[in-house]
Every structure is written in C-alpha cells, then in structure tokens.
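Chain letters run A, B, ... following the sequence lines, proteins first, then strands; residues in each count from 1.
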There are 2 protein chains.
Amino acid sequence: MLSYTEENYLKALLQLTVEKGNKEGAGTNELAVHLNLKPATANDMLKKLKEKKLVEYEKYGKSSLTREGRRLATDVVRKHRLWETFLFEKLAFAWDEVHEVAEQLEHIQSKKLVDKLDEFLGFPGFDPHGDVIPNARGELQMRSTKTLHEEVVNHRCTMVAVKDNAASFLQYVNQVGLRINDTIHVLSRQPYDDLMEIEVNGKKSSISSRFAENIVVSCKDCDIAKPKIKSLNAIK
Amino acid sequence: MLSYTEENYLKALLQLTVEKGNKEGAGTNELAVHLNLKPATANDMLKKLKEKKLVEYEKYGKSSLTREGRRLATDVVRKHRLWETFLFEKLAFAWDEVHEVAEQLEHIQSKKLVDKLDEFLGFPGFDPHGDVIPNARGELQMRSTKTLHEEVVNHRCTMVAVKDNAASFLQYVNQVGLRINDTIHVLSRQPYDDLMEIEVNGKKSSISSRFAENIVVSCKDCDIAKPKIKSLNAIK
DNA sequence: AAATAATGTTAGGCAAATCTAACAAATATT
DNA sequence: AATATTTGTTAGATTTGCCTAACATTATTT
C-alpha cells in the first residue's frame with residue numbers, strides 16, 4: 001500500500017515524463033519544483049521508490065517510472081479525472097474548482113468505488129479540462145498535442161483541452177469566453193511577440209503566447225481523430 | 001486545520017460521549033481501545049488537543065470535547081454519513097460496504113463539496129444504517145435509543161437503525177432478513193439467556209441478546225416520533 | 001580549459017504519530 | 001486496610017516526510 005505522499009511522487013513523475021513526452025525522465029530538481037518541495041526531499045523519496053521498484057533512479061541521472069510505477073501513477077490520474085468529472089457533472093462545480101478537491105479525492109483507496117463511480121458517470125472519456133481519463137485497465141489514450149500557439153493564421157480549429165489546470169488560468173479562459181469544443185478562428189499573429197488575435201463565438205480577443213501554449217486544439221488535418229492507445233502492457 | 005488523525009480522535013470522543021450519553025467523558029484506555037491504539041499514544045494526543053482547546057482533559061480524569069471540539073467532530077460525522085448515503089443511494093454499495101470507504105471520504109476538506117453533496121442527495125436525514133445525519137449547522141438530532149433487546153414479548157416494533165456498523169454484523173442482519181423500517185414481532189424470550197424469537201416479513205428467527213442490543217427500534221409509545229434537536233449553540 | 005552556474009547528494013535535525021517499558025494513581029477485591 | 005488489578009502517565013525510541021547547510025557533480029559560459 002502506497003502512502004498519499006508516494007502516490008503524489010509517482011503522479012508527478014508520470015506528468016513530467018509520459019504526459020510531457022520527456023522520454024529520458026525527470027531531474028530531481030524538476031521533480032522538487034513540481035511538488036513544491038526541496039530537492040533533498042525529492043532525492044530521499046526517489047531512493048525510497050527505487051527500493052520499492054517503482055522508479056528507475058541512478059545518482060546524478062534522470063528518473064522515470066518502472067512499469068509497475070506507471071501503472072500505479074496512471075490509476076491515481078484515473079481517479080483524479082473521474083472525481084473531477086463527478087464534481088463538474090453531478091455537483092455543478094465550476095471547472096476551475098474541481099482540481100483542488102480532486103487532489104484529495106484521488107487518494108481514496110477502494111477499487112470498487114472507482115469502478116462504480118466510472119459506471120455512474122457513464123464511463124466518460126474526458127475530464128472537464130479535456131484530458132483523457134485512463135480506462136480501468138490502466139490504458140491512457142495519447143492525443144497529439146497541438147497548441148493554439150502552433151496554429152496558423154486564418155485557420156480554424158477546435159479547442160479540445162487546456163494544459164494548465166490552475167484556477168487562475170481557467171478563470172482567465174472563461175473570461176476570454178473559451179470553452180471546450182468551441183471553434184477558434186485565428187485572425188492574426190504579431191511576429192515580434194506572437195500575440196494572437198482570435199475570434200470565438202463572434203467575440204474577438206487578444207491572447208499572449210503563454211496563454212496560447214496552454215490551449216490544446218484539434219483541426220481537420222490533425223491526427224487527433226485517430227487516437228493511439230498507449231497500453232502499459234505494450235511497454236517493454 | 002486538523003490532521004486526519006486529530007479528526008479521528010475528536011470523532012471517537014464524540015462517539016464515546018455524546019452519542020453514548022456518557023456524560024462524564026471517556027477514559028484514556030477506553031479511547032485507545034476504540035481507536036486501536038496504545039494508551040500512551042492516546043494520552044499524548046489528549047494533551048495536544050487540550051492545548052488546541054478542543055478537548056477537556058485533566059490528569060487521571062475523563063476527557064470530553066469542548067464546544068469547538070464537538071462542532072468539528074460533528075462535522076466529520078456529518079461528512080461520514082453523507083458519503084455513506086451517497087455510496088448506498090447513488091453507487092449501489094451494500095450497507096455493509098459503505099462504512100469502510102466513508103472512513104476515508106469523511107476527511108476530505110471542502111465545505112463546498114459537503115454542501116453540494118448534501119443537496120445532490122436531497123438533504124437526507126438518515127444514513128443507510130438509520131443514523132441521523134447532522135445538518136449543515138452542526139445540529140445533531142437525538143433519538144431515544146430503545147433496542148430490540150428491551151422490547152416486550154408479543155409487541156410489534158419497527159427497526160430504525162443498527163448500533164454496530166461492522167460489516168460482519170450487518171451481513172448477519174441481512175441474513176436474518178431484517179431491514180430498516182421492517183416491522184418486528186417479538187414472539188418469545190428465554191428468561192435464562194434472553195434469546196428471542198422474532199418474526200419479520202413472515203420469517204421467524206432466533207436472535208441472541210447481543211444481536212438484539214444492536215438493533216434500534218421504535219414503537220407507538222416511543223417518543224421517537226418527536227425528535228429533539230441537540231444544537232451546539234444550546235450547549236453552554 | 002578554467003570559471004561559473006545549475007543541478008544533485010549527503011548529513012544532520014525536526015515534528016507528527018506511533019510504539020514499548022517502566023512507573024504512578026485510582027479502583028476493586030479480599 | 002492491605003493487596004491486587006485496572007487505568008493512566010512518562011520517558012525514550014522509531015518511522016515518515018520534511019527541512020537546512022554543506023558538499024559534489026555536471027553543464028554552461030567565457
């Protein structure tokens with residue numbers, strides 16, 4: 001049985017590696033920053049998780065999850081996203097409020113609870129932020145992650161997710177009038193600072209490059225329509 | 001902010017005092033046994049909670065909750081019972097499965113979550129075991145607690161709750177065919193060991209005194225129909 | 001290549017929550 | 001009332017997860 005803390009380390013490593021496509025693994029400092037801890041603390045835990053065969057760690061090297069570690073981390077992510085969906089769909093939470101509470105709920109230990117919750121929600125594929133919910137077998141659908149920042153001027157695309165789940169960012173997205181599945185028309189881009197002008201539902205807005213980098217979009221020529229299954233069993 | 005552990009101590013004290021009508025308070029050993037800990041551990045925590053003004057504790061004396069301690073403990077109980085109701089009503093858990101999971105869920109910190117959950121469930125008054133759910137103001141309805149053991153031969157009564165929430169007991173209750181709101185007809189009682197014969201929904205069963213003591217019942221002449229509100233503000 | 005900066009590690013310490021073992025006080029029994 | 005039993009307390013140790021401070025390694029820059 002993993003502690004609350006150990007689960008958070010595994011989840012962080014999953015986010016810093018698999019989800020960000022950072023194949024070599026995550027550095028100790030990077031991990032510490034992500035978890036708001038000191039590097040010394042992260043270092044201790046990496047050694048502990050290596051002992052438990054959940055993490056690949058070598059002195060002065062990058063760390064990554066073992067197959068078992070990835071399975072456990074994926075399960076935490078699954079729970080997190082199912083709870084977010086519950087809060088949003090059933091309890092009428094706003095999308096910028098669900099993350100914080102799900103951070104607590106994701107650690108509840110009960111296989112039955114997760115499976116029943118999944119069923120109660122109608123086996124959802126995506127959470128309120130557009131992120132893929134891993135299925136009960138620990139499989140995580142991978143989507144190509146083109147961001148609005150990479151979109152071409154004059155093209156239209158559809159918003160499918162956000163990359164940053166922080167309440168402050170999500171509230172800003174609301175303010176711009178952007179919602180998942182909305183069509184975004186890119187009107188212009190300043191070459192100097194990549195400031196973009198976009199139109200959504202008839203409303204024009206100027207957005208910074210930092211903002212645009214956190215909006216995940218799909219377009220006709222994207223391969224987003226044919227998602228690949230990244231099975232844990234497929235990983236040697 | 002209280003730790004998970006501190007909340008459990010407060011809840012235990014509530015159960016050992018207010019709920020069991022044990023006015024003088026609970027002993028250190030008694031508390032330790034209830035929480036499956038050593039008396040030395042409970043002793044340390046009592047001193048810590050006294051410092052925080054949540055518990056009245058004097059060396060070699062009985063301990064009880066302060067008004068603030070009782071408020072916090074009642075809130076934990078409220079969350080526990082709301083979650084049990086959710087699991088039972090919405091996720092189709094059996095009544096002997098809800099307690100264990102609710103022991104974890106009761107510690108989730110989010111006022112909004114509790115209020116929304118309460119609303120989602122239709123502001124339920126009782127949990128799946130027939131226990132009263134404290135309301136959002138921390139008020140706990142008190143019911144007279146006549147047990148089946150105290151019922152007179154040949155009388156009929158209605159099962160309103162169980163006193164023991166352990167899965168093993170609840171499964172036994174299922175086996176006897178007893179459910180909340182069922183009418184129980186007391187057919188006989190052996191003077192020697194208080195073994196009772198009862199009839200429920202046409203089915204006759206023999207039950208031990210220990211079993212009967214854990215079934216809470218109501219009858220026409222009980223004052224159970226007019227519950228008193230035990231408000232925290234009413235307690236000096 | 002040497003100096004500087006960034007990153008990672010180790011050692012030692014602290015607080016929370018638990019334990020054991022020894023001791024003290026209160027209660028019950030003879 | 002003396003003794004035995006139960007109950008409660010204290011002191012010291014352990015584990016987990018965190019810290020700071022000093023040091024070591026690797027990467028970057030001049």
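The OH-P distance, from Tyr9(A) to dT16(D), rounds to 14 Å in whole Å. Distance CE (Met45(A)) to C1' (dG8(C)): 17 Å, rounded to an integer number of Å. Asn43(A) places its CG atom 16 Å from the P atom of dG12(C), with the value rounded to the nearest Å. Note: CG (Leu35(B)) to P (dG8(D)) measures 14 Å, nearest angstrom. The separation between Asn8(B) atom CG and dA16(C) atom C1' is 15 Å, rounded to whole Å. In this structure, Glu30(A) places its CD atom 8 Å from P of dG8(C), rounding to the nearest Å. We find that NE2 of His34(A) is positioned 19 Å from C1' of dG8(C), with the value rounded to whole Å.
Using cut-offs of 30° and 60° for the angle between ring planes, the Phe120(B) and Phe120(A) rings count as perpendicular. In this pair, Tyr172(A) and Phe211(A) present their aromatic rings perpendicular. The plane angle is above 60°, beyond the 30 to 60° band.
Closest of all the heavy-atom pairs between Thr17(B) and Gly25(B) is CG2-CA, 3.6 Å. The two residues Met1(B) and Lys52(B) come nearest to each other via the heavy atoms O-NZ, 4.5 Å.
Using a 4.0 Å heavy-atom criterion, one finds that Tyr4(A) contacts no nucleic acid atom at all.
An OP1 or OP2 oxygen of dA16(C) is reached within less than 4.0 angstrom by no side-chain nitrogen or oxygen of Thr5(B). Taking side-chain N and O atoms only, Asn29(A) has a distance below 4.0 Å to OP1 or OP2 of dG8(C). Side-chain N/O atoms of Ser3(A) include none lying less than 4.0 angstrom from OP1 or OP2 on dT16(D).
From Arg78(B), atom CZ reaches atom CZ of Arg137(B) across 10.0 Å, with rounding to the nearest 0.5 Å. With rounding to the nearest 0.5 Å, the separation of NZ in Lys163(A) from CG in Leu148(A) is 12.0 Å.
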Any N/O pairs under 3.5 Å between the protein and nucleotides 19-26 of chain D? List them or say none.
from    : atom 1 : to       : atom 2 : distance (Å)
dC19(D) : OP2    : Lys38(A) : N      : 3.0
dC19(D) : OP2    : Thr41(A) : OG1    : 2.6
dT25(D) : O4'    : Tyr60(A) : OH     : 3.4

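In this structure, the side-chain hydrogen bond (donor to acceptor under 3.5 Å, both in side chains) partners of Gln171(B), at least two apart in sequence or on a different chain, are Asp96(B).
For the pair Leu170(A) and Asn174(A), the minimum side-chain heavy-atom distance is 4.5 Å or more. Counting heavy atoms from C-beta outward, Tyr57(B) and Leu13(B) have side chains that stay 4.5 Å or more apart.
Within residues 46-58 of chain B, the residues approached by DNA chain C to less than 4.0 Å at the level of any non-hydrogen atom are Lys48(B), in residue-number order.
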